[in-house]
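All residue numbers refer to positions in the sequence shown, counting from 1.
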Amino acid sequence: MSEIGLRERKKQRMYQVVSDIAIRLFLEKGFDAVSVAEVAAAAEISKPTLFRYFPAKEDLVLYRIADHEGEAARVVAEAQGEPVEALRRHFLEGLERCDPVTGLSDDPQVLAFHSLLYGTPSLVARAHTHQERSEAALAEALGGDLDARLAAGQIMAVQRILAMENWRRIAAGERVADVRAEAVAAAERAFDRLAAGLQPSRGSGATRHHS
């Protein structure tokens, strides 16, 4: 393994370890009750070192879902055929495997993490910036013009609302087995409306794949 590869692996491990320690402390005591200095001490690193990895306290939490940023854009870039249909398949596959990003997961750790995320205003605000970057990436994948930006906004909103509805129901005590069929039906309806509403006008590339 090259020195660069080893260094990158060590860096990624540092991100993972520090984020996991921070989330454990936040779940135990509450996000606002834990200082960055306390996280650094628990991770056995200095506060300046922590900030080199995580510029904001909120990033300690958002790192756990950072790999989903730009996911819709990646799906579209790799799609064969219509982007909305590719995104529909991707979301339905996520529901099938109970991917936490779809909200359809009753794993206690996932539920605790989502309660922390959605129950902390500063984390909700930080998550919104991730959503905006994902939306911008999707708009680029759809062509980059105004129609593409409008389409990306609608697609991201649909996915977010579907996931939030699933999470609310599971968090309220419903079983995944009882929610899944309605979650699938809701996703199908939502993507049907997207597909109908985003039919490209003459000369528009908003919903076509651009290589």
Side-chain angles (χ1 to χ4, degrees), residues 8-9 11-32 34 36 39 42-43 50-78 86-141 152-172 176 179 183 187 190:
E8 185 61 28
R9 282 187 63 183
K11 182 179 177 181
Q12 291 304 317
R13 173 147 182 79
M14 176 67 82
Y15 274 112
Q16 188 69 60
V17 168
V18 176
S19 175
D20 286 348
I21 289 170
I23 290 170
R24 175 174 54 79
L25 290 171
F26 296 151
L27 289 173
E28 287 174 1
K29 303 179 182 181
F31 182 79
D32 295 325
V34 178
V36 170
V39 174
L50 185 147
F51 277 125
R52 281 203 300 272
Y53 285 90
F54 300 96
K57 181 181 177 183
E58 290 78 12
D59 292 333
L60 289 159
V61 177
L62 272 296
Y63 176 77
R64 182 165 289 184
I65 58 174
D67 59 335
H68 288 294
E69 188 175 310
E71 186 171 299
R74 291 191 293 272
V75 170
V76 168
E78 296 167 3
L87 290 165
R88 181 207 300 265
R89 288 194 302 273
H90 184 74
F91 194 86
L92 291 173
E93 288 166 2
L95 290 175
E96 180 63 30
R97 63 177 182 271
C98 295
D99 190 326
V101 78
T102 68
L104 194 68
S105 173
D106 57 3
D107 183 290
Q109 292 185 329
V110 171
L111 290 174
F113 175 80
H114 282 161
S115 293
L116 171 67
L117 177 62
Y118 299 133
T120 308
S122 63
L123 290 175
V124 172
R126 194 72 169 179
H128 184 66
T129 66
H130 282 237
Q131 184 89 359
E132 287 180 327
R133 289 196 294 266
S134 292
E135 184 179 311
L138 177 58
E140 276 301 307
Q154 292 175 66
I155 290 165
M156 295 302 296
V158 161
Q159 293 188 152
R160 177 179 55 81
I161 292 167
L162 288 170
M164 286 294 292
E165 176 65 14
N166 295 337
W167 172 73
R168 286 193 187 99
R169 292 183 64 177
I170 300 298
V176 166
V179 174

Atom of [X], atom of [Y] and distance for their closest heavy-atom approach:
X    : Y   : result
T102 : G94 : CG2-C, 3.6 Å
V34  : V39 : CG1-CG2, 3.8 Å
S105 : C98 : CB-O, 3.8 Å

What pairs with [X] under side chain to side chain contact (heavy atoms under 4.5 Å, CB included), at least two apart in sequence or on another chain?
X    : answer
D32  : none
A136 : none
A171 : W167
A152 : E135, L138, A139, L142

Could you grab the distance from atom [atom1] of [X] to atom [atom2] of [Y], nearest 0.5 Å is fine?
X    : Y    : atom1 : atom2 : result
Q159 : S134 : CD    : OG    : 9.5 Å
L162 : L104 : CG    : CG    : 11.0 Å
N166 : D106 : CG    : CG    : 12.0 Å

Restricting to side chain to side chain donor-acceptor pair (under 3.5 Å), what partner residues turn up for [X], sequence neighbours left out?
X    : result
R88  : E85, E188, D192
R97  : D99
Q131 : none
K11  : none

Are more than 12 heavy atoms, taken from residues, nucleotides or ligands other than E132, located less than 6.0 Å from that residue's CD atom?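 Yes.
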Which donor-acceptor pairs under 3.5 Å do side chains of residues 66-76 form with protein atoms, sequence neighbours excluded?
from : atom 1 : to   : atom 2 : distance (Å)
H68  : ND1    : E71  : OE1    : 2.5
E69  : OE1    : H130 : ND1    : 3.0
E69  : OE1    : R133 : NE     : 3.4
E69  : OE1    : R133 : NH2    : 3.1
E69  : OE2    : R133 : NE     : 2.8
E71  : OE2    : H90  : NE2    : 2.6
R74  : NH1    : E69  : O      : 3.0
R74  : NH2    : D67  : O      : 2.7

Got a sec, which pairs hit side chain to side chain donor-acceptor pair (under 3.5 Å) with one end in residues 15-29, sequence neighbours left out?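 Qualifying pairs, neighbours excluded: Q16-D20, D20-R64, K29-E38.
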Side-chain heavy-atom pair V36, F51 within 4.5 angstrom cut-off: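 The answer is yes, as the side chains (C-beta and beyond) meet within the 4.5 Å cut-off.
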Test item: V18 and Y53 side chains (from C-beta on) under 4.5 Å apart, heavy atoms: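 In short, these two side chains do not touch, never coming nearer than 4.5 Å.
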Report the residues that fulfil ring pair (Phe, Tyr, Trp, His ring centres under 6.0 Å) with F91, sequence neighbours left out, ordered by chain and then residue number.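 Checked F91 against ring pair (Phe, Tyr, Trp, His ring centres under 6.0 Å); zero matches.
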Under 3.5 Å, which donor-acceptor pairs link side chains of residues 110-125 to any protein atom two or more places apart or in another chain?
from : atom 1 : to   : atom 2 : distance (Å)
S115 : OG     : L111 : O      : 3.0
T120 : OG1    : L116 : O      : 2.7
S122 : OG     : E58  : OE2    : 3.3

